[in-house]
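As structure tokens, the structure follows; a few thoughts come after it.
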Amino acid sequence: MTEPCCPTGGGAQGNVMILACSGGSNVGQLSNQAAVELTVEGFGKMFCLAGIGGHLSGFVQSAKDIPAMVAIDGCQVGCAKAILEHAQVPLKAYVVLTDLGIEKNKNFTLERGTLEKVKAAVREACKDLPTDAPSGSICCG
Amino acid sequence: MEIKVLGPGCKKCQQTEAVVKEAVTESGVQASVGHVTDAMEIASYGVFGTPAVVVNGEVKSVGKIPKKEEVLSWIRAAS
């Protein structure tokens with residue numbers, strides 16, 4: 001049985017693997033929420049950083065083979081970056097929320113304006129990524 | 001050795017399966033080549049896209065048609 005493949009190309013939109021640190025602070029949760037919203041909006045697809053951290057081959061190989069990927073870290077501790085380095089996955093685009101002037105704290109009530117600032121920074125970081133990535137979870141590359 | 005091609009049955013998945021079978025034949029190694037089309041089973045491997053290739057349970061390639069030389073190197077490493 002032959003089934004059609006999902007469309008590719010046409011810009012980085014929809015093709016970006018998004019990996020958020022999702023840590024236990026406001027900036028960690030901002031990174032997570034930004035990844036969720038960018039996925040819902042069709043900019044890219046959030047992927048499981050924990051799977052890469054666990055060195056599960058499907059997750060690690062996916063991150064290695066995807067042409068367009070962005071990692072979002074809440075702060076300079078850089079957990080997402082460290083996980084990728086540990087799994088020997090090269091960084092392709094990278095955003096650190098505290099570098100955007102967002103202060104790290106334990107207030108988990110996320111502000112809409114701050115979230116939009118994070119999402120804009122992620123989009124900007126991805127503007128030079130390749131555009132020929134698969135655009136669906138079970139799509140052909 | 002067990003090799004699986006993950007994909008919904010599209011052209012690129014079929015091309016990947018052909019490359020894998022060619023590599024297996026060329027290597028002379030005893031290996032079974034399967035094709036997983038079930039979306040849930042594909043998802044269980046944690047792959048971001050297809051076609052993907054799994055050798056003895058380890059995902060080797062995701063979202064592209066691998067070159068025969070690549071597949072041969074995986075086969076040699078696993079045998």
Side-chain angles (χ1 to χ4, degrees), chain A residues 1-9 12 14-20 35 38-39 43-71 83-84 87-90 92-93 129-141, chain B residues 1-21 23 31 33-79:
Chain A
M1 182 176 66
T2 301
E3 295 181 10
C5 284
C6 302
T8 59
N15 303 332
V16 180
M17 174 187 282
I18 306 171
L19 298 166
L38 287 166
T39 300
F43 174 77
K45 287 195 166 50
M46 193 176 185
F47 197 61
C48 189
L49 184 63
I52 300 171
H55 285 211
L56 305 182
S57 67
F59 293 88
V60 173
Q61 200 60 48
S62 292
K64 283 181 178 174
D65 286 350
I66 191 80
M69 176 260 276
V70 60
I83 286 169
L84 294 174
Q88 297 181 309
V89 176
K92 286 154 189 164
L129 289 175
T131 60
D132 56 346
S135 57
S137 57
I138 307 293
C139 291
C140 302
Chain B
M1 184 183 305
E2 185 181 46
I3 304 177
K4 291 180 181 176
V5 175
L6 313 182
C10 63
K11 192 176 176 185
K12 287 186 178 180
C13 306
Q14 291 169 350
Q15 288 172 326
T16 297
E17 188 175 347
V19 169
V20 168
K21 284 180 173 173
V33 180
H35 193 144
V36 178
T37 58
D38 179 70
M40 292 303 290
E41 191 175 348
I42 292 172
S44 73
Y45 285 92
V47 296
F48 190 73
T50 57
V53 179
V54 184
V55 179
N56 285 346
E58 188 173 343
V59 178
K60 295 290 188 182
S61 170
V62 177
K64 62 184 182 184
I65 303 168
K67 291 185 168 55
K68 187 174 71 176
E69 290 68 30
E70 282 181 280
V71 182
L72 280 167
S73 72
W74 304 333
I75 291 171
R76 289 188 193 112
S79 58

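Numbered from 1 within each chain, the chains take letters A, B, ... in sequence-line order. Bear in mind the structure is a predicted one, so any value in this text is a computation, not a measurement. Atoms considered below: every heavy atom in the structure, side chains included; atoms not considered: hydrogens, waters and symmetry mates.
At a 4.5 Å heavy-atom cutoff, the contact between A/F59 and chain B is made by backbone and side-chain atoms alike. Residue contact with chain A, scored on non-hydrogen atoms closer than 4.5 Å, involves the backbone and the side chain of B/S61 alike.
The nearest pair of heavy atoms linking A/F47 to B/G46 is CZ-O, 3.3 Å. Heavy atoms only, all atoms of each residue included: B/V62 and A/G58 are closest at CG2-O, 4.3 Å.
Side-chain atoms of A/S62 come within 3.5 Å of backbone N or O of B/F48 as a donor-acceptor pair.
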